[in-house]
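Working notes, structure below.
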Amino acid sequence: MENPIQEHHDDDDIQRINLEKDVNEWNKEIEFIQQELIFYSKLLDSELVRKANANAEEESYILKSVKQLTEKNSQFQLQLLDFENKSEDIVECEDVQCETFFLNEHFTFKQKLIDHVAKVRTVKKKIFDFFESNL
C-alpha cells in the first residue's frame, strides 16, 4: 500500500489527507450499516421467524427499532455528504481560525458518528439476543 503522505506534503496537506481519509472510511461504514439494517429488517420480517414461533411482540419491537434506525442512518448518510462537501472548503482557508472551524466540525461529526454506531450496536445486540432465545 502506498503511503499517502509524502515528504513534500506540508502540515496543511497532511491535515487535508487525514480528513479525506476519515470521510472515506465514514462513508464505507455508513453504507455497510445501511446494508446490515436492511438485511436484519428482512430477516426479522421473514417466514423463518414466523415458523420458529418467536416472540411476536419482541420481534415487532425490534423490527420497528431497526426500521427507525435505518431511517436515521439514511439521514446520517445525507449529513455526511453535506459535511464532505463543506469540508472541501478547508483548502480555501487562509488563517488558523478557519482551519480550527473545520477541525472542530470534523471532531463534532466524528463524535456523532461514534454515537450513531453505538446505537446501531445496541440494536444489533437486541437482534442477536432475540435470535439466540427464539431460534
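Values reported hereafter were calculated over all heavy atoms of this structure, with side chains retained and with hydrogens, waters and symmetry mates removed. These numbers come from a predicted model, not from an experiment.
In this structure, the side chains of Asp22 and Glu25 stay at 4.5 Å or more apart for every pair of heavy atoms. Within the 4.5 Å cutoff, no side-chain heavy atoms of Lys119 are placed close to those of Val123.
At a threshold of 4.0 Å, the pair Asp82-Lys86 counts as salt-bridged, since one of the basic side-chain nitrogens sits closer than that to a carboxylate oxygen. A salt bridge between Arg50 and Glu59 is absent, with no side-chain N of the basic residue lying under 4.0 Å from a carboxylate O of the acidic one. Salt-bridge check for Lys28 with Glu31: failed, with every basic side-chain N at 4.0 Å or more from each acidic carboxylate O.
Atoms CD and CD, from Glu94 and Glu99 in turn, are 9.5 Å apart once rounded to the nearest 0.5 Å. Within the model, atoms NZ of Lys112 and CD of Gln79 stand 6.0 Å from one another, a figure rounded to the nearest 0.5 Å. Annotation: the span from Gln35 atom CD to Asn73 atom CG amounts to 10.5 Å, rounded to 0.5 Å. Expressed to the nearest 0.5 Å, how far CD of Gln75 lies from NE2 of His116 amounts to 10.0 Å. Distance check: Leu69 CG to Lys67 NZ gives 13.5 Å after rounding to the nearest 0.5 Å. Separating the CG atom in Leu19 from the NZ atom in Lys110 is a distance of 10.0 Å, to the nearest 0.5 Å.
Under the 4.5 Å side-chain heavy-atom criterion for ILVMFWY residues, no single connected hydrophobic cluster contains both Val117 and Leu81.
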Practice item. Could you check Leu44 against Phe131 for side chain to side chain contact (heavy atoms under 4.5 Å, CB included), going step by step and ending with a plain yes or no? Key: CA-CA 9 Å; Leu44 287 163; Phe131 281 113; 3.9 Å; yes
**Study point:** Residues Phe107, Phe102; criterion side chain to side chain contact (heavy atoms under 4.5 Å, CB included); working and verdict
**Key:** CA-CA 9 Å; Phe107 179 80; Phe102 282 106; over 6 Å; no
Check your understanding: Would Ile127 and Val66 count as a side chain to side chain contact (heavy atoms under 4.5 Å, CB included) if you check the C-alpha gap in whole Å, the side-chain angles of each, and the deciding distance to 0.1 Å?
Key -> CA-CA 9 Å; Ile127 293 168; Val66 169; 3.6 Å; yes
Review point. Stepwise, does the side chain to side chain contact (heavy atoms under 4.5 Å, CB included) test hold for Ile114 with Gln111?
Key: CA-CA 5 Å; Ile114 290 168; Gln111 191 57 52; 4.1 Å; yes
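The heavy-atom pair separating Gln77 from Ile30 by the smallest distance is CG-CG2, 2.8 Å. Annotation for Asn55 and Glu58: closest pair OD1-N, 3.0 Å, computed over non-hydrogen atoms.
Under a 3.5 Å cut-off, the side chain of Ser41 and the backbone N or O of Ile38 do not form any donor-acceptor pair. Counting only distance, with no hydrogens or angles, the side chain of Ser60 and the backbone of Glu57 share no donor-acceptor pair below 3.5 Å. In terms of modelled atom types and a separation under 3.5 Å, the side chain of Asn134 and the main chain of Phe130 share a donor-acceptor contact.
Taking the six-membered ring wherever Trp is involved, the centroid distance between the rings of Phe76 and Phe109 falls below 6.0 Å. With ring centers used as reference points, Trp26 lies under 6.0 Å from His106.
Within 6.0 Å of atom CD in Glu132, 12 or fewer heavy atoms from other residues, nucleotides or ligands are found, so the atom counts as exposed in its surroundings.
Inspection of the Gln34 and Thr70 side chains reveals no N or O donor paired with an N or O acceptor under 3.5 Å.
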